[in-house]
2 protein chains.
Amino acid sequence: MAEAAWDEDLCTMLDVLDRISGKWAVSILLRTSSGPVRFTELERSLRGISRRMLTLNLRNLERDGLIVRTVYPTVPPKVEYTATEMARELYGSLAGLTSWAVRHRDTVAAAREAYDQRRHIDVPP
Amino acid sequence: MAEAAWDEDLCTMLDVLDRISGKWAVSILLRTSSGPVRFTELERSLRGISRRMLTLNLRNLERDGLIVRTVYPTVPPKVEYTATEMARELYGSLAGLTSWAVRHRDTVAAAREAYDQRRHIDVPP
DNA sequence: CGGAATCCGCTCGGATACTG
DNA sequence: CAGTATCCGAGCGGATTCCG
């Protein structure tokens, strides 16, 4: 039975990968993991993100239950975003990936350089 | 010092995420992890992939040193792809992600459904 | 067999302007 | 303040064709 389930689990994992890929999702999760953060605060925190992309990412993460959106009906409006426990767990399981990335950073860089040089030989024009 | 390094490590990890995101990269790594695989074999294995995308993915993975490309100068030509040890390690550290995905699969699905229903109330074209 | 080249639609993502 | 709406370019990804 452990045999027939592995590609279903693979699919499930690929879904997660898709969910957290994209330039900003992980950074948003990280920033909201340590407590409620307001929209504008996030916008400044993640330097370079556009309003549109911030909104889209927040909506997607909220939809998947990874962050909670809290609206305070004040004037001016105040909205806070907080990562859920589930999201913090997810962030934790990304540690393995970080570890791999750091350990092999140099090897990957070297492989790239070598590959590019090989390719540059036959493309002079 | 552990303070100043965290966002550099985050960047490194985000690079890896980008590298393995996309529809096919992980599946290719998995398929080539258990031994050399030929191009056409891969093409059949990953049902749905186009020639173009397979080639592009293979090139990128090769460039980063995650797979090795071996050409046998025979007629007809024979080319084999094999995941490197580094790649198998990477695949291993994805296990944490898989575990998370499986554990929270239902919760995420429920969150989505709830979110969508909330949204469908006020959008009856 | 193992690609490379071309075409083409779609989505991602940035910039800007407008609203409650 | 916290969005929504709109426009636009760039790149992903599929289908097909051509080549050694």
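Note on naming: letters A, B, ... go to the chains in the order of the sequence lines (proteins, then strands), and numbering restarts at 1 for each one. Hydrogens, waters and symmetry mates are skipped; everything else that's a heavy atom, side chains included, is used.
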Side-chain N or O of [X] closer than 4.0 Å to phosphate OP1/OP2 of [N]:
X: Tyr81(A); N: dC1(D); value: no
X: Ser50(A); N: dA15(C); value: no
X: Arg69(A); N: dG3(D); value: yes

Where the side chain of [X] is concerned, which of [options] is the nearest nucleotide?
X: Arg52(A); options: dA15(C), dA5(C), dG3(C); result: dA15(C)
X: Arg51(A); options: dA17(C), dT6(C), dG2(C); result: dA17(C)
X: Pro77(A); options: dG20(C), dG20(D), dG13(D); result: dG20(C)
X: Lys23(A); options: dG13(C), dA2(D), dT4(D); result: dG13(C)
X: Pro76(B); options: dG13(C), dC1(C), dA2(D); result: dC1(C)
X: Met53(A); options: dA2(D), dG13(C), dG2(C); result: dG13(C)

Measure the distance from [atom1] on [X] to [atom2] on [N] and round it to the nearest whole Å.
X: Leu56(A); N: dA15(C); atom1: CG; atom2: P; value: 15 Å
X: Phe39(A); N: dC1(D); atom1: CZ; atom2: P; value: 11 Å
X: Glu43(A); N: dA2(D); atom1: CD; atom2: P; value: 9 Å
X: Leu46(A); N: dG14(C); atom1: CG; atom2: C1'; value: 15 Å
X: Ile28(B); N: dG13(D); atom1: CD1; atom2: P; value: 11 Å
X: Glu62(A); N: dG3(D); atom1: CD; atom2: C1'; value: 13 Å
X: Leu54(B); N: dT16(D); atom1: CG; atom2: C1'; value: 16 Å
X: Arg59(B); N: dA4(C); atom1: CZ; atom2: C1'; value: 9 Å

Look at all strands and tell whether Thr55(A) reaches a base, only sugar-phosphate, or nothing, counting heavy atoms closer than 4.0 Å. base
Reported OH-to-CG distance for the pair Tyr115(A) and Asp64(B), which is rounded to 0.5 angstrom: 10.0 Å
Measure the CD-CZ distance between Glu43(B) and Arg38(B) for me, rounded to the nearest 0.5 Å. 12.5 Å
Could you give all pairs that pass the ring pair (Phe, Tyr, Trp, His ring centres under 6.0 Å) test and reach residues 78-101 of chain B, with sequence neighbours left out? Trp100(B)-His104(B)
Just by distance, with hydrogens left out, do Arg88(B) and Ser33(B) show a side-chain donor and acceptor under 3.5 Å apart? no
How is the base pairing of DNA chain C summarised as a dot-bracket string, given the Watson-Crick and G-U wobble criteria with both distances under 3.5 Å, [ ] for crossing and | for another strand? ||||||||||||||||||||
Contact between [X] and [Y] at the side-chain level, heavy atoms closer than 4.5 Å - yes or no?
X: Arg59(B); Y: Thr55(B); answer: yes
X: Leu90(A); Y: Leu97(B); answer: yes
X: Thr82(B); Y: Arg69(B); answer: no

Using atom types as modelled and distance alone, determine if a side-chain donor or acceptor of Arg31(B) lies under 3.5 Å from a backbone N or O of Leu46(B). no
